Structure formats: C-alpha cells, structure tokens
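Here the structure comes first, spelled out in structure tokens, and everything after it is commentary.
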Amino acid sequence: MLTELDDRVHAAINLHAVLGALPRLAELDSAAAAVLGTLDRDVTLTLSVLGGPEARYTFTPTSIRPGGRGVGPRLLFTSSAHLNAVLGGTAKPIPLGGPAGIRFLTKQFAPLSEILAGYLQPASAQAESEDGADIATLLALHISAVAITVVGNEDVSGKFSAEHMPDGDFDLEVGEDIRYRLEVKDHRLRVDHDLTGSPRAALRFADLGVAGAILSGQDSALACMCDGRLTMRGFVPLIDNANRILDRVGAYLGAHRS
C-alpha cells in the first residue's frame with residue numbers, strides 16, 4: 001500500500017480544492033462576504049508554482065469565481081513543497097504586484113484566507129459553533145469532491161484506482177438536498193455540475209453531522225455503515241474504487257490539517 005504523499009499532488013489539492021473552497025466560503029459566511037464588499041473593482045489573483053500547477057481566482061465585490069483574465073497580483077511559490085508549507089502556516093509566499101495588488105493581498109485575500117482556515121481547523125471556536133459546524137462541513141464536502149478528482153487523475157495510487165473505475169456518474173449525497181456529482185470517463189474524473197438523471201453509484205451521508213464527523217476523522221465510516229448513517233448504492237466497482245480514492249484524499253487533507 002502506497003503511503004507516501006506526492007508534493008505535486010498535494011500542491012494541486014491545495015490550489016484547486018482547498019483554495020477552491022473560497023467561492024463557496026463567500027456564499028456561506030457573512031464575514032467573508034463583508035470582506036469582498038470592500039472591493040471597488042474585480043481582481044484576478046494568480047497562484048503559481050515554478051514548474052508546477054497554477055490556479056486563478058477572480059474576486060468581485062459580491063463573489064469569487066475560478067479562472068479569470070487580465071493582469072493582476074500574483075503569489076509565487078518556488079516549489080510544490082513551498083506552497084504546501086505556506087498553506088500549512090510554516091512559510092510565506094512571494095507576492096508580485098503593484099501597490100493595488102499588494103493592497104488586495106493584505107486587505108482582502110489574507111482576511112479571506114484566515115476565515116477559511118478557521119473553518120478547516122476542527123478545534124477552532126469558529127468551526128465548533130452550531131452554524132460554523134455546518135459551514136465547515138459544507139466546505140469540507142466541496143474540498144473533498146474536488147480533491148477526489150485531483151487524486152484520481154494525478155496521484156499514483158489514485159490513478160491505479162481510477163483505472164479500475166468504469167465510466168459513469170458517482171454522487172456524494174448529504175440527506176435529500178446536498179449533492180456533488182463526479183463523472184468518470186476513460187478513467188479520468190471531474191466534478192460534473194449537471195445533476196440531471198440518476199448516478200451509476202452513490203455514497204450518502206444521513207445528514208451534515210454525519211458527513212462532518214466522517215470527513216474530519218471523528219467517526220468511522222465503517223461504524224456509520226453498520227448503523228445506517230452512511231449508505232452506498234449502485235455499481236460496486238465504482239463505489240469500491242471511489243472509496244479507495246476518498247481514503248487517499250483523507251491522507252492528503254490530514255497532512256494539510258497537521
């Protein structure tokens with residue numbers, strides 16, 4: 001069993017899944033929305049690893065969205081390990097940009113990053129409050145769904161599992177109202193925003209509390225399956241290999257939290 005973590009895969013998870021939760025944070029958290037409201041124009045931030053992955057996010061006074069065009073501030077990382085250390089709180093990025101760009105990084109991006117980090121630390125007061133726990137779980141679901149695609153497409157162990165996955169849709173569900181769909185095609189995974197039709201397989205958490213306990217490692221998925229709080233349905237090879245990838249995701253996200 002492969003236990004080593006790949007710095008490049010970890011960096012891609014941090015760029016696209018962890019920081020990729022910022023748009024969801026802006027929808028869920030009033031303090032984050034207030035920070036965005038201080039912007040007087042749209043700003044596109046580029047985060048680049050030398051010789052590695054890159055991501056862009058556009059910040060507006062009312063929302064954050066992936067992607068964007070135009071020249072804006074940049075955060076540069078000398079390596080994947082450097083980026084991972086920055087998100088782990090043990091290093092600093094290299095900021096590039098004029099006065100307006102640096103002002104954005106200090107006045108908007110840094111506070112938003114701190115709010116997000118508060119929800120991703122299970123022991124924080126922010127994540128433990130009643131409303132905060134629900135937001136933390138919704139963010140964890142978003143991060144996990146995106147991270148599954150990164151690990152399935154880029155990690156050695158994840159790719160091995162993906163090679164054994166047939167084409168089809170796999171849903172992560174919480175109760176009746178929350179759902180993320182992952183499309184598997186030619187052994188590649190992506191988040192599919194089209195939720196029409198039935199998936200080929202699904203993993204269902206009974207409610208947000210169950211999802212939060214499992215994703216944070218506070219409860220065992222096996223125990224929750226035994227008592228019915230976590231259920232699976234559909235094509236077994238798709239479920240089995242998706243679960244293997246989700247376990248691998250947990251190793252990367254656990255390293256981020258530590």
Side-chain angles (χ1 to χ4, degrees), residues 7-89 91-120 135 138-151 153-154 180 189-194 252-253 256:
D7 278 341
R8 287 175 61 90
V9 176
H10 195 181
I13 289 172
N14 279 329
L15 279 178
H16 301 295
V18 176
L19 293 176
L22 283 169
R24 194 77 177 105
L25 176 72
E27 297 171 352
L28 295 169
D29 183 86
S30 59
V35 171
L36 281 179
T38 64
L39 284 170
D40 59 5
R41 61 188 177 89
D42 294 0
V43 178
T44 297
L45 172 66
T46 302
L47 304 103
S48 303
V49 176
L50 288 177
E54 178 178 287
R56 283 186 169 190
Y57 295 97
T58 297
F59 298 74
T60 80
T62 58
S63 66
I64 304 170
R65 64 178 183 271
R69 297 181 177 180
V71 177
R74 300 176 68 91
L75 288 177
L76 183 65
F77 308 90
T78 58
S79 65
S80 294
H82 179 208
L83 183 146
N84 298 332
V86 169
L87 268 75
K92 299 291 185 184
I94 302 170
L96 301 174
I102 299 300
R103 186 165 56 251
F104 163 78
L105 292 173
T106 57
K107 299 296 185 183
Q108 281 90 27
F109 183 71
L112 287 167
S113 299
E114 290 175 5
I115 295 170
L116 177 63
Y119 284 116
L120 302 185
I135 293 175
L138 290 168
L139 293 172
L141 277 170
H142 184 93
I143 290 169
S144 296
V146 177
I148 286 172
T149 68
V150 175
V151 170
N153 294 337
E154 306 297 337
Y180 281 88
L189 285 73
R190 73 177 186 92
V191 176
D192 188 354
H193 299 289
D194 181 4
Y252 280 104
L253 295 179
H256 172 78

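Just so you know, these numbers use all the heavy atoms, side chains as well, and skip hydrogens, waters and symmetry mates. Given the structure is predicted, the values throughout are model-derived calculations rather than measurements.
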_So V150 and L15, do their side chains get closer than 4.5 Å, heavy atoms only?_
no

_Can you tell me how far apart CD (E54) and CG (L76) are? Round to the nearest 0.5 Å._
10.0 Å

*Using a 4.5 Å cut-off on heavy atoms from C-beta on, say whether the side chain of I64 contacts that of L112.*
yes

*Between L28 and I135, what is the shortest heavy-atom contact and its length?*
O-CD1, 3.6 Å

*Report the distance from atom NZ of K92 to atom CG of L75, rounding to the nearest 0.5 Å.*
11.5 Å

*pair I13-E154: side-chain heavy atoms closer than 4.5 Å*: no

*asked:* Let me confirm one number: the CG-CG distance from L139 to L25, rounded to the nearest 0.5 Å.
replied: 6.0 Å

*Flag side-chain contact, heavy atom, 4.5 Å: F59 against V35*: no

*With a 4.5 Å heavy-atom cut-off, do H142 and L138 have their side chains touching?*
no

_So L39 and T60, do their side chains get closer than 4.5 Å, heavy atoms only?_
no

*Just by modelled atom types, is the T58 backbone N or O under 3.5 Å from a matching donor or acceptor in the D42 side chain?*
no

_Residues R56 and T46: side-chain donor-acceptor under 3.5 angstrom_ = yes

*What distance do I143 atom CD1 and N14 atom CG have between them, rounded to the nearest 0.5 Å?*
9.5 Å

*Indicate the atoms forming the closest heavy-atom contact of P66 with Y57, along with that distance.*
CA-CD2, 3.8 Å

*Nearest heavy-atom pair of G52 and R8: which atoms, and what distance?*
CA-NH1, 3.8 Å

_Whether N84 side chain and S80 backbone form a donor-acceptor pair below 3.5 Å_ = yes

*With rounding to the nearest 0.5 Å, note down the distance linking CG in L36 to CD in Q108.*
8.0 Å

*Main-chain N/O of Y180 paired with H193 side-chain donor or acceptor, under 3.5 Å*: no

*Determine whether T38 and K107 make a side-chain contact, defined as any pair of heavy atoms from C-beta on separated by less than 4.5 Å.*
no

*If you round to the nearest 0.5 Å, how far is NE2 of H82 from CD1 of I94?*
5.5 Å

*For the side chain of H10 and the backbone of L83, is there at least one donor-acceptor N/O pair under 3.5 Å apart?*
no

